[in-house]
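Residue numbers begin at 1 in each chain, while the letters A, B, ... track the order of the sequences.
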2 protein chains.
Amino acid sequence: MATTKRSSGAQRPPTSHDVAELAGVAQSTVSRALNGDPNISEKTRARVVDAAQRLNYSPNVMARSLITRRANRIGVFLSDITNPFYPRLVECLEREFGALGYDLILFSEGSARGDQDHIDHFLGSTIDGLVFTSAKLDFPLGDRLAAARAPTVFLNRHIDDDRFDRVVSENVAGGRLAGELLVELGHRRIAQISGPPQTSTARDRDAGFQAALEELGATLDPAHYRHGPYTHETGFEGCRSLLAEDPPPTAIFCGNDVIALGAWDAAVSAGLEIPGDLTVVGFDDMEVGSWSAIGLTTIRQPLDQMARGSAELLVGRLNGDYDGPGRVLEFPVEMVRRRTAGPPPR
Amino acid sequence: MATTKRSSGAQRPPTSHDVAELAGVAQSTVSRALNGDPNISEKTRARVVDAAQRLNYSPNVMARSLITRRANRIGVFLSDITNPFYPRLVECLEREFGALGYDLILFSEGSARGDQDHIDHFLGSTIDGLVFTSAKLDFPLGDRLAAARAPTVFLNRHIDDDRFDRVVSENVAGGRLAGELLVELGHRRIAQISGPPQTSTARDRDAGFQAALEELGATLDPAHYRHGPYTHETGFEGCRSLLAEDPPPTAIFCGNDVIALGAWDAAVSAGLEIPGDLTVVGFDDMEVGSWSAIGLTTIRQPLDQMARGSAELLVGRLNGDYDGPGRVLEFPVEMVRRRTAGPPPR
DNA sequence: CTGTTAGCGCATTCAG
DNA sequence: CTGAATGCGCTAACAG
């Protein structure tokens, strides 16, 4: 019973033809009236607008895109939407791209049924451009993106491929800031829990940090170096194993705030006082770190500026304003001193 | 210089015609071959597939959707992508809808340039259905959604509108669990920091909690009731003001984990021991709450089941399997006992 | 200023 | 099993 597939009340949405008929004009006039074409009398425009409203008309975006060859949408690829860093970045991107007339469509890694998928969304002309927020250094899709001439920007992470635009913060300088702070505070037994080696963020922050230590005469004992994915667990387990050393380090610089908060968690759980017994420094300035019971010292990246830079580079390419090789935008970082950094215990 | 608008190397992506030509068949044959039509010889299918690969062909989704009237995409509307609850929900939704052949396209409130926009995405036939994850009780778009016959499901929040499918957890029962726990632990001076009154989550959790207290003879002093948006600040300020009372409450039930962690933050910052001096209970089971230095006692919602339920209801409507009035799915919650709940101080 | 015409790239009749 | 023809809803040339 009730074999009503889609037959009965399936009133299809109104088209511009319907509007044209109701307004007593040609279909093309409807298109012009609704798209702000100047060559149209106010009188007919009013009639069209009125008819459109009465029919509750809304143009079919697919049909429009098919002909204009523009989707006005940007695909944003996130590796792990669960990492609170990305939602904040998405907020900024949304604002910046929105201001330029683009909607965002988000893809988290989970949704991709394979590498192919990413690019298919572009090739299928569902999106006009791509933003990758968490590419690894060995990003595998470069050739295919280039072949498809897909406007692309790599945000937050570098890849070693000059064909693409990249927007990052000064991760090396940020690492330096952390190193300098720790040495100035008087730390000598310094440890590090870094991110994945195949990410530019980890590579660059490590480089800056270690260079600063060298220059200030406080080298990093290789036995005090840990690394892993940007997760709580990496920080937690890394800190636990560091605290088991004898003597344990008095300060830890972490690859990002997620790791730093994992380290904080391990230290506090073990009954240590922070910063009395241990100094912890992160990177990113996540909201949780700013809670007053935590007060994570960290290095802040200007996400809004980075998002704006990405939007400008990408939209520049979409408009045909620029078509050359990849450009690099690098934004300054800033030290945020909070409770978790102090002098070493005596 | 370089007035190359889009003229020169603008090699447009290959179409099914190009593939047809290379394979020496008709365009319609290409379509059939690539879409798994059984009425086609393996020989020609192979030829077509080969040609498609050589051209790096990928069908134009817009054109396809224009004709099939299906976008195979679901719009998910989030109010605040910054609240960690939503990313987790998105992960689940992605998995469940993905299994049914749908991609997700995420809209956070920020992206909507007005209420209108939400529905326009549907009317523009960019998406086949909508999921609202954070509707208020006075959701204003009901009539327009119904008029557009837009398949819609409300997830996580109720709205009082029987035309739509709703998927929630047993918030009333969850509130009861919290109330029962606090009373059983021996608390009598009990406080509450609830969410926004115009959300069903706040309304239902409040109702269950307060009913449990009544029944167990431990009524809630109205002076111990606070509420506000689901933010850290609500919890932080709420807790501060509660602690300023004399005598202060010994336990606080919070509208969700974000609020609860704000309360935790205020209490710990004020030098209180948790749970020695104060018990805190949340709702949601966010990851941060599970950190071992925090150990938030909370009530867990089965997000994966809720996501699956939503997907089934919505896809059922999309397939025409169901076309009746709104259904309601309600999933059981579960108490997660951790450190922040203990007996009151003596 | 407005109407007519021609496709965008594809899925889907209808012939054969 | 395959090819030719049709049109999804819209924008953009081209006439007038």
Side-chain angles (χ1 to χ4, degrees), chain A residues 6 10-49 51-52 55-72 120-128, chain B residues 5-6 10-49 51-52 55-72 120-126 128:
Chain A
R6 53 189 170 177
Q11 42 182 9
R12 320 228 292 199
T15 73
S16 56
H17 277 104
D18 301 329
V19 177
E21 192 175 0
L22 182 60
V25 297
Q27 180 269 329
S28 57
T29 301
V30 173
S31 173
R32 282 192 282 253
L34 266 33
N35 291 338
D37 188 313
N39 291 334
I40 199 151
S41 75
E42 268 316 315
K43 229 180 85 183
T44 56
R45 184 194 303 281
R47 275 234 308 290
V48 169
V49 168
L55 290 179
N56 220 312
Y57 168 75
S58 186
N60 185 312
V61 179
M62 299 285 185
R64 168 184 298 167
S65 295
L66 186 57
I67 193 166
T68 60
R69 310 187 142 286
R70 284 175 151 274
N72 291 315
D120 281 352
H121 280 284
F122 171 75
L123 293 173
S125 66
T126 287
I127 55 180
D128 300 326
Chain B
K5 275 274 178 186
R6 54 190 170 175
Q11 43 180 9
R12 320 226 292 200
T15 72
S16 57
H17 277 105
D18 301 328
V19 177
E21 192 176 1
L22 181 62
V25 297
Q27 178 267 328
S28 54
T29 302
V30 173
S31 173
R32 284 191 280 253
L34 265 35
N35 291 337
D37 189 313
N39 290 334
I40 199 150
S41 75
E42 268 317 314
K43 231 180 82 183
T44 56
R45 183 194 304 279
R47 274 233 309 290
V48 170
V49 168
L55 290 180
N56 219 313
Y57 167 75
S58 186
N60 184 312
V61 179
M62 300 286 185
R64 169 182 295 168
S65 294
L66 187 57
I67 197 165
T68 60
R69 310 185 145 285
R70 283 175 150 276
N72 291 315
D120 281 353
H121 279 285
F122 171 74
L123 293 173
S125 65
T126 288
D128 300 328

key: Rounded distance in Å - NE2 (B:His17) to P (D:dA4)   = 10 Å
key: d(CD, B:Gln27; P, C:dC14) in whole Å   = 18 Å
request  = Starting at atom CG of A:Leu66, determine the distance to atom P of C:dC10, rounded to an integer number of angstrom.
outcome  = 9 Å
message = Just N and O in the side chain of A:Thr44: are any of them under 4.0 Å from OP1 or OP2 of C:dT2?
response = yes
ask   = Would B:Thr29 and B:Ile40 satisfy side-chain contact (heavy atoms from CB on, under 4.5 Å), going step by step from the backbone distance to the final call?
value = CA-CA 8 Å; B:Thr29 302; B:Ile40 199 150; 3.8 Å; yes
ask   = Would you say a side-chain N or O of B:Ser28 is under 4.0 Å from OP1 or OP2 of C:dT12?
value = no
ask   = To the nearest Å, how far apart are B:Met62 CE and D:dT11 C1'?
value = 15 Å
message = Classify B:Val30 by what it touches in the nucleic acid, base, sugar-phosphate, or nothing, heavy-atom distance under 4.0 Å.
response = nothing
message = D:dG3, OP1 or OP2 - any side-chain N/O from B:Thr29 closer than 4.0 Å?
response = yes
ask   = For B:Ser31 and C:dA11, is the shortest distance between a side-chain N/O and OP1 or OP2 below 4.0 Å?
value = yes
request  = Grab the CG-C1' distance between B:Leu34 and C:dG9 for me, whole Å please.
outcome  = 14 Å
ask   = Roughly how far, to the nearest 0.5 Å, is CZ of A:Arg64 from CG of B:Leu66?
value = 13.0 Å
request  = Examine D:dT2: is either OP1 or OP2 under 4.0 Å from a nitrogen or oxygen in the side chain of B:Ser41? Give yes or no.
outcome  = yes
request  = Might you work through the side-chain contact (heavy atoms from CB on, under 4.5 Å) test for B:Val48 and B:Arg45, ending with a clear yes or no?
outcome  = CA-CA 5 Å; B:Val48 170; B:Arg45 183 194 304 279; 5.8 Å; no
inquiry  = Is there a side-chain contact between A:Asn60 and the phosphate of D:dC8, meaning an N or O under 4.0 Å from OP1 or OP2?
reply    = no
message = Between B:Asn39 and D:dT2, is there a contact of a side-chain N or O with OP1 or OP2 at under 4.0 Å?
response = no
ask   = When you look at CD of A:Gln27, are more than 12 heavy atoms from neighbouring residues, nucleotides or ligands closer to it than 6.0 Å?
value = yes
message = Are B:Val30 and B:Val25 packed together at the side-chain level, in the sense that at least one heavy-atom pair is separated by less than 4.5 angstrom?
response = yes
task = For C:dC10, take OP1 and OP2 only and decide whether either is under 4.0 Å from a side-chain N or O of B:Ser16.
result = yes
ask   = Over how many whole Å does the gap from B:Lys43 atom NZ to D:dC1 atom C1' extend?
value = 12 Å
key: Gap between atoms CD1 and C1', on B:Ile67 and C:dA11 respectively (whole Å)   = 4 Å
query = Rounded to whole angstrom units, what separation is found between the CZ atom of B:Arg47 and the P atom of D:dT2?
reply = 9 Å
request  = Report the residue (A:Arg64 or B:Ala63) whose heavy-atom-nearest nucleotide on DNA chain D is the more 5′ of the two.
outcome  = B:Ala63
key: Check: C:dG3 base within 3.5 Å donor-acceptor of A:Arg32 side chain   = yes
